[in-house]
Novice: 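Provided herewith is a single structure, encoded as structure tokens, for subsequent inquiry.
Keep in mind that this is a model prediction, so the values were computed, not measured. All ligand and atom numbering here is 1-based and tracks the order in the structure.
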Amino acid sequence: MLIQEFISKEISAEVNEVSFSWESPSNIALVKYWGKNLDQTPKNPSISFTLSDCKTTTSVLFKKIKNTSKIIDFELFFEGERNISFRTKIEKFFSTIVAYCPFLLNYHLTISSSNSFPHSSGIASSASAMSALSLCIMSLEKELTLIDDEFFYKKASFISRIGSGSACRSIYGGINFWGTHSDFSFGSDLYSTQISKSISSKFHNYRDAILIIDEGKKEVSSSVGHELMNDNPFSQIRFKLAKNNISKLMKILESGNLNEFCNLVESEALMLHSLMMSSTPSYVLMKPATLSVINLIREFRKDSNIPVCFTLDAGANVHILFPENFSQEVINFIKKKLSVFCVKQKYILDFIGTGPKQI
Ligand code: DP6
């Protein structure tokens with residue numbers, strides 16, 4: 001079923017050739033999206049921090065053509081080289097969004113993309129990649145039709161979600177909510193919304209240090225992981241717990257209780273991985289080093305009283321979240337005790353960012 005609101009309006013301008021470039025960041029979920037419906041809507045709501053330096057830069061050159069087929073004509077370059085491996089994902093994305101952006105059929109698209117971080121390293125590259133591409137498409141829509149900024153970003157989030165669920169949360173900076181929940185009158189399963197209500201200043205400039213524990217391609221993709229939730233014996237209880245955790249997290253974000261924040265965020269990360277372990281077939285994405293790091297972070301928190309905690313995506317890498325004012329202590333701890341567990345001692349120091357930028 002098509003969502004009428006997002007079908008592009010009548011074309012009111014003639015554009016023969018134009019190029020747009022956007023930088024869009026990755027995001028890290030605090031309450032995780034895990035399990036989805038066939039229409040790419042989530043089984044439970046999620047909340048994330050938008051990152052800053054972990055980002056994808058995408059440029060799209062749109063050239064007018066006479067296309068009589070119903071397929072969007074494009075070529076793809078990744079890190080400067082023609083790319084085939086992402087083509088299927090983009091073809092699938094285009095086959096759905098063409099109903100919302102039919103003007104794309106009149107153009108040949110040359111898409112050039114690069115990441116600031118290693119691809120498939122467990123950093124959500126699909127989130128930054130799909131949001132950057134969606135923003136370029138929306139820039140063309142804005143050139144061709146009359147839309148305001150609010151709709152521009154809302155539809156960018158809407159089409160990003162079709163490309164990759166978590167991508168819809170990368171369209172805005174700060175803290176983002178995606179899904180429906182009784183605590184949020186504005187929430188939607190179709191796009192995400194920035195949480196602008198009173199967030200404690202303790203979360204301003206919050207840091208995320210990403211330890212690269214494993215650079216290899218994930219053994220089980222997120223798409224397969226989501227699908228396995230359909231038959232997971234714990235899925236219903238998980239969806240209920242995720243909703244409860246959204247309510248709890250909102251209170252924590254307002255109160256600034258960082259001890260409660262650490263407990264909730266870590267429990268969400270471990271629950272995500274326990275769902276992978278209890279799927280059929282079961283699988284484990286954590287590595288021995290992931291567990292060593294987790295234990296050391298908990299020990300450090302106990303000994304230092306610094307509210308530092310970990311979270312995990314669908315991969316082995318560890319995201320370490322901490323308030324900016326403890327940066328020196330935490331970065332020293334990472335250098336001395338944790339970097340030995342990282343591939344070539346690699347870690348990325350990032351923080352909550354302000355969202356995508358047109359360049
Ligand atoms: C564990 O958004 O990558 O990172 O919708 O199939 O593209 P698709 O999945 P994806 O799933 C991300 C899952 C997660 C948790 C989260 O980001 O909320």
Novice: Could you tell me if any non-hydrogen atom of Arg161 lies under 4.0 Å from any atom of ligand 1?
Specialist: no
Novice: Under 3.5 Å, is there a donor-acceptor pair linking the side chains of Asn115 and Ser125?
Specialist: no
Novice: With a heavy-atom distance limit of 4.0 Å, tell me whether Ser166 approaches ligand 1 through its side chain, its backbone, both, or neither.
Specialist: both
Novice: Which of the numbered atoms in ligand 1 are under 4.0 angstrom from any heavy atom belonging to Ala314?
Specialist: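 This gives 1 (C) as the contact atoms.
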Novice: Say whether Ala167, considering both its backbone and side-chain N or O atoms, lies within less than 3.5 Å of an N or O atom on ligand 1.
Specialist: no
Novice: Which of the atoms of ligand 1 are close to Arg169, meaning less than 4.0 Å from one of its heavy atoms?
Specialist: 16 (C), 17 (O), 18 (O)
Novice: In plain terms, say whether Glu324 and Arg207 are close enough for a salt bridge, that is, a side-chain N and a carboxylate O under 4.0 Å apart.
Specialist: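 Not counted as a salt bridge, because no side-chain N and carboxylate O are separated by less than 4.0 Å.
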Novice: Could you tell me whether Arg82 and Glu75 make a salt bridge, using a distance below 4.0 angstrom between a side-chain N and a carboxylate O?
Specialist: yes
Novice: Are Arg161 and Asp189 ion-paired here, with the side-chain N under 4.0 Å from a carboxylate O?
Specialist: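 Salt bridge flag = no for Asp189 with Arg161.
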Novice: Does any N/O atom on Lys32 come nearer than 3.5 Å to any N/O atom on ligand 1?
Specialist: no
Novice: For Asn263, give me all partners under side chain to side chain contact (heavy atoms under 4.5 Å, CB included), at least two apart in sequence or on another chain.
Specialist: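 By the side chain to side chain contact (heavy atoms under 4.5 Å, CB included) rule, Asn263 matches Arg301.
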Novice: Do the charged groups of Glu266 and Arg298 touch, with an N to O distance under 4.0 Å?
Specialist: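 Salt bridge flag = yes for Arg298 with Glu266.
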Novice: If the cut-off is 4.0 Å to any non-hydrogen atom of Ala29, which atoms of ligand 1 fall inside it?
Specialist: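 Once the distances to Ala29 are compared, the set is 16 (C), 17 (O), 18 (O).
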Novice: Taking distance alone, with N or O pairs closer than 3.5 Å, would you say Lys36 contacts ligand 1?
Specialist: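 Looking only at distances, the answer is yes, because the N/O contact criterion of under 3.5 Å is met.
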Novice: Against the six-membered ring of Tyr172, is Lys154 placed for a cation-pi contact (under 6.0 Å from the centre, within 45° of the normal)?
Specialist: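 Not satisfied by the 6.0 Å and 45° rule.
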Novice: If the contact criterion is a heavy-atom separation under 4.0 Å, does Gln40 count as touching ligand 1?
Specialist: yes
Novice: Please indicate whether any nitrogen or oxygen in Ser46 is less than 3.5 Å from any nitrogen or oxygen in ligand 1.
Specialist: no
Novice: For ligand 1, does Leu272 get within less than 4.0 Å through its side chain, its backbone, both, or neither, judged by non-hydrogen atoms?
Specialist: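 It is the side chain that touches ligand 1; the backbone stays farther off.
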Novice: Between Asp313 and ligand 1, does any nitrogen or oxygen pair lie at a separation below 3.5 Å?
Specialist: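 Yes.
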Novice: Are Glu5 and Lys155 close enough for a salt bridge, meaning some N to O gap below 4.0 Å?
Specialist: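 The answer is no: the pair does not qualify as a salt bridge.
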Novice: Considering the heavy atoms of Ser126, write down every atom of ligand 1 situated less than 4.0 Å from one of them.
Specialist: 3 (O)
Novice: Applying ring pair (Phe, Tyr, Trp, His ring centres under 6.0 Å), name anything that partners Phe74, two or more places apart in sequence or on another chain.
Specialist: Phe94
